[in-house]
Amino acid sequence: MLDIKKMRQDPDYFKKRLAQRGTDPVDLNKIFQLDDKRRELIKDTEELKAKRNEVSKQIGAAKRNKESADDAIAEMQAVGDEISNIDKELGKINHEFQVRMAHLPNMPHEGIPVGPDEDSNEEFKKVGTIPTFSFEPKAHWDIAEDLGILDFERGAKVSGARFVYYVGLGAQLERAVYNFMLDEHMAEGYTEILPPYLVNDKTMYGTGQFPKFKEDVYQINNEDQELTLIPTAEVPLTNFFADEVIPSEDLPVYVTALTPSFRSEAGSAGRDTRGLIRMHQFNKVEMVKFAKPADSYMELEKMTANAESILQKLGLAYHVIKLSTGDMGFSAAETNDVEVWMPEQNIYREISSCSNTQDFQARRAHIQYRDENGKLQYVHTLNGSGLAVGRTVAAILENCQNEDGTVTIPEVLVPYFHGITKITKENAVPFKK
RNA sequence: GGAGAGUUGGCAGAGUGGUAAUGCAACGGACUCGAAAUCCGUCGAACCGGUUCAUACCGGCGCGCAGGUUCAAAUCCUGUACUCUCCUCCA
């Protein structure tokens, strides 16, 4: 949620910057109109309420003295009607104002690339050596199905498209990868959390998924209760401190969690239909930070480095790009995407997205701290994947494949993989005799 | 799932229709070499609107939340969330 007071001070700047993310300036004009009307009505009703409070006090005094107050009461009846009329209209205006405000995306941070879509993103870092193969590298789904460690057919049988079974060393590899990631983040000062996977609407609103992006999620209706399957651990992690004041000596707070993420992928029909890249359910290790405003951009760089460090230790090539105004998510002010090299397609694929939302989510979820003067301020919240686990497994399978169809396990994962160094047809699925 | 109790300021805690006692804490001052104790004073979150460069001041709102009744609601009515206790069930 943006700050209407700041918007009022420089409407043209807000119009210009939000237009760069695709918001029609007409929407802003409507909001400013509503804000004017709103404040006018507030002034009117508050004046009447002040009068009513005044006279009611006199009525009270008169009654105590056993004097008649009938005239004043009659007068206040009329005032009361007027108040309730104005309040009714104010309620409508306010509601529309709030709804429109809630649909406005965050302001882009100064200095990030300006452009309508992903073509304007800027690569600013390239790390690792892109592997070369003496044979034609296979896609991870072919490698995995040949080994029997991923079963997309049975996933479809039991749940539908974009669901999968990990089997044997496939399941163990997934577990090795996320345990490795969690340990790495803990060493960097993150506190591990195991959050709820079902959250209420208020929580979804707090991080900015609602009201605008309801079609992207799975919802559960159980009698009178409506809950949403989390599309990312960012939602329960960021809302951990919702409606709270974080003691300033605790800042910055770093938390991390492994959770499944559930996404309906409405609108992605036909994209990435094979493999682990785009599933309705996938595991992700998420990092979330609560920071003082002055530190938040330094924290964003550190968080991006935490995500990168996982790939470095796994020996995977990647690059980092700064998302343009047109490609950023709704709540973000600035976003770094980390993309890992996928040999079969010969492209980098997103494996982490690290964002600073500044006070955008904190305003929605009411997450504050006290500054040096004891005044309440909104914290800045950051979130980033560290990393998408399924996509990491896919990247390992493709980058570490051998000509004979086996997969060599990155050294750092071996201790997390019961000492196994290679997935072969023989050890992949223990029940296969 | 059933029954009961509760939710008031940073904390404790009164308040059954007349506009939020009191105590602690906090802040300022006096006393003191300084501190403690004591005394005096200030302060009732956050939020919203207005005047102001700002400090500040005025007003609204404010007793879990949302409605309702009333000239007036912490107080009465309806709904609802959460916490606690007991019973029941359960991995």
Side-chain angles (χ1 to χ4, degrees), chain A residues 1-10 31-102 194-206 210 220-228 236 239-250 293 359-379:
Chain A
M1 183 75 78
L2 297 174
D3 185 350
I4 185 63
K5 287 180 185 166
K6 282 191 189 141
M7 291 169 67
R8 250 181 242 150
Q9 279 166 13
D10 198 351
I31 284 175
F32 287 122
Q33 274 172 28
L34 286 166
D35 183 46
D36 286 345
K37 182 75 187 161
R38 198 181 125 254
R39 286 187 295 154
E40 192 187 312
L41 293 173
I42 288 172
K43 209 178 154 186
D44 292 348
T45 185
E46 288 191 353
E47 272 168 21
L48 291 171
K49 282 174 185 170
K51 185 175 179 195
R52 182 177 64 184
N53 286 344
E54 177 76 17
V55 175
S56 286
K57 226 177 262 185
Q58 291 165 10
I59 293 171
K63 292 247 173 192
R64 266 190 303 263
N65 297 330
K66 309 260 194 263
E67 292 164 11
S68 163
D70 293 351
D71 291 350
I73 288 175
E75 192 192 339
M76 284 310 101
Q77 261 166 351
V79 170
D81 289 345
E82 209 177 329
I83 290 172
S84 80
N85 285 335
I86 297 174
D87 277 351
K88 222 178 197 170
E89 198 192 342
L90 178 60
K92 277 190 218 150
I93 300 275
N94 235 339
H95 178 73
E96 197 187 341
F97 172 75
Q98 291 300 337
V99 167
R100 285 174 180 270
M101 285 295 285
L194 201 160
Y197 300 161
L198 288 166
V199 296
N200 58 31
D201 285 3
K202 186 181 170 222
T203 301
M204 290 295 284
Y205 176 85
F210 283 4
I220 307 225
N221 281 292
N222 193 349
E223 293 174 14
D224 52 340
Q225 223 185 6
E226 186 162 276
L227 292 168
T228 301
N239 281 285
F240 182 78
F241 286 120
D243 297 319
E244 292 190 37
V245 177
I246 305 176
S248 66
E249 64 269 23
D250 290 353
D359 63 359
F360 187 82
Q361 294 178 325
R363 281 178 182 282
R364 289 179 163 242
H366 306 117
I367 308 172
Q368 298 171 299
Y369 75 103
R370 282 187 199 279
D371 66 18
E372 316 76 51
N373 304 316
K375 241 184 107 66
L376 286 171
Q377 305 285 356
Y378 290 107
V379 301

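Protein chains get the first letters and strands the later ones, always in sequence-line order, with residue 1 at the start of each.
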> Does B/C48 have OP1 or OP2 under 4.0 Å away from a side-chain N or O of A/Arg39?
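No, A/Arg39 has no side-chain N/O under 4.0 Å of OP1/OP2 on B/C48.
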> If only atom types and distance count, is the side chain of A/Asp359 paired as donor or acceptor with the main-chain N or O of A/Tyr378 below 3.5 Å?
no
> Find out whether A/Asp243 and A/Lys202 are in side-chain contact, i.e. whether some heavy atom of one side chain is under 4.5 Å from a heavy atom of the other.
yes
> If you count heavy atoms of other groups shown closer than 6.0 angstrom to CZ of A/Phe240, is the number above 12?
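No - once you tally the heavy atoms of other residues, nucleotides and ligands closer than 6.0 Å, there are 12 at most.
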> Could you state the atom-to-atom distance from CG of A/Asp371 to C1' of B/A46 in whole Å?
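The distance from CG of A/Asp371 to C1' of B/A46 comes to 14 Å, rounded to the nearest Å.
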> Starting at the 5' end of RNA chain B, what dot-bracket string do you get if Watson-Crick and G-U pairs under 3.5 Å are bracketed, crossing pairs use [ ], other-strand pairs use | and unpaired bases use dots?
((((((((.[[[..)..(...]]].(((((.......)))))....(((((....)))))...[[[[[..)....]]]]])))))))....
> When you compare B/G15 with B/U22, how far apart are their P atoms, in angstrom units rounded to a whole number?
15 Å
> Atom CG of A/Asp36 to atom P of B/G50: distance rounded to whole Å?
10 Å
> Quantified in whole Å, what is the P atom distance between nucleotide B/C57 and nucleotide B/U42?
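Going atom to atom, P in each nucleotide, I get 13 Å.
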> I'd like the P distance from B/G18 over to B/C84, given in whole Å.
34 Å
> How far apart are the closest heavy atoms of A/Tyr197 and A/Leu194, and which atoms are they?
OH-CD2, 4.0 Å
> Measuring only the P atom in each nucleotide, how far is B/C11 from B/A46? A whole number of Å is fine.
13 Å
> Want to settle it: does A/Met76 or A/Arg370 sit nearer the 5' end of RNA chain B, counting the closest nucleotide to each?
A/Arg370
> Out of the candidates A/Glu89, A/Lys37, A/Arg38, only one should pair with A/Asn94 under the side-chain hydrogen bond (donor to acceptor under 3.5 Å, both in side chains) rule; please name it.
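Between A/Asn94 and the candidates, side-chain hydrogen bond (donor to acceptor under 3.5 Å, both in side chains) is satisfied uniquely by A/Arg38.
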> Base contacts versus sugar-phosphate-only contacts with protein, heavy atoms under 4.0 Å: please encode nucleotides 56-61 of chain B as B, S and - from 5' to 3'.
---BSS
> I'd like to know if the side chain of A/Asp87 pairs up with that of A/Ser84 as donor and acceptor (distance under 3.5 Å, no hydrogens or angles considered).
no
> Atom CD1 of A/Ile59 and atom P of B/U19: how far apart are they, to the nearest Å?
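It is 13 Å, rounded to the nearest whole Å.
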> Need one value for A/Arg363: base, sugar-phosphate or nothing, where a base atom within 4.0 Å counts as base even if backbone is also close, heavy atoms only.
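No contact at all - A/Arg363 keeps every heavy atom at 4.0 Å or more from the nucleic acid.
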> Could you tell me which non-hydrogen atom of A/Ile83 sits nearest to which non-hydrogen atom of A/Leu48, and how far apart they are?
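Heavy-atom minimum between the residues: CG1-CB, 3.6 Å.
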> Is there a side-chain contact between A/Phe241 and A/Val379 (heavy atoms, below 4.5 Å)?
no
> In whole Å, measure the gap between the P atoms of B/G50 and B/G2 for me.
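The answer is 49 Å between these two P atoms.
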> What's the gap between B/C89 and B/U16 when it is taken at their P atoms, as a whole Å value?
42 Å
> When rounded to the nearest Å, what value does the distance between P atoms of B/G17 and B/C76 take?
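Rounded to whole Å, the distance is 8 Å.
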> Please report the distance separating the C1' of B/C63 from the corresponding atom of B/A14, rounded so that it comes out in whole Å.
12 Å
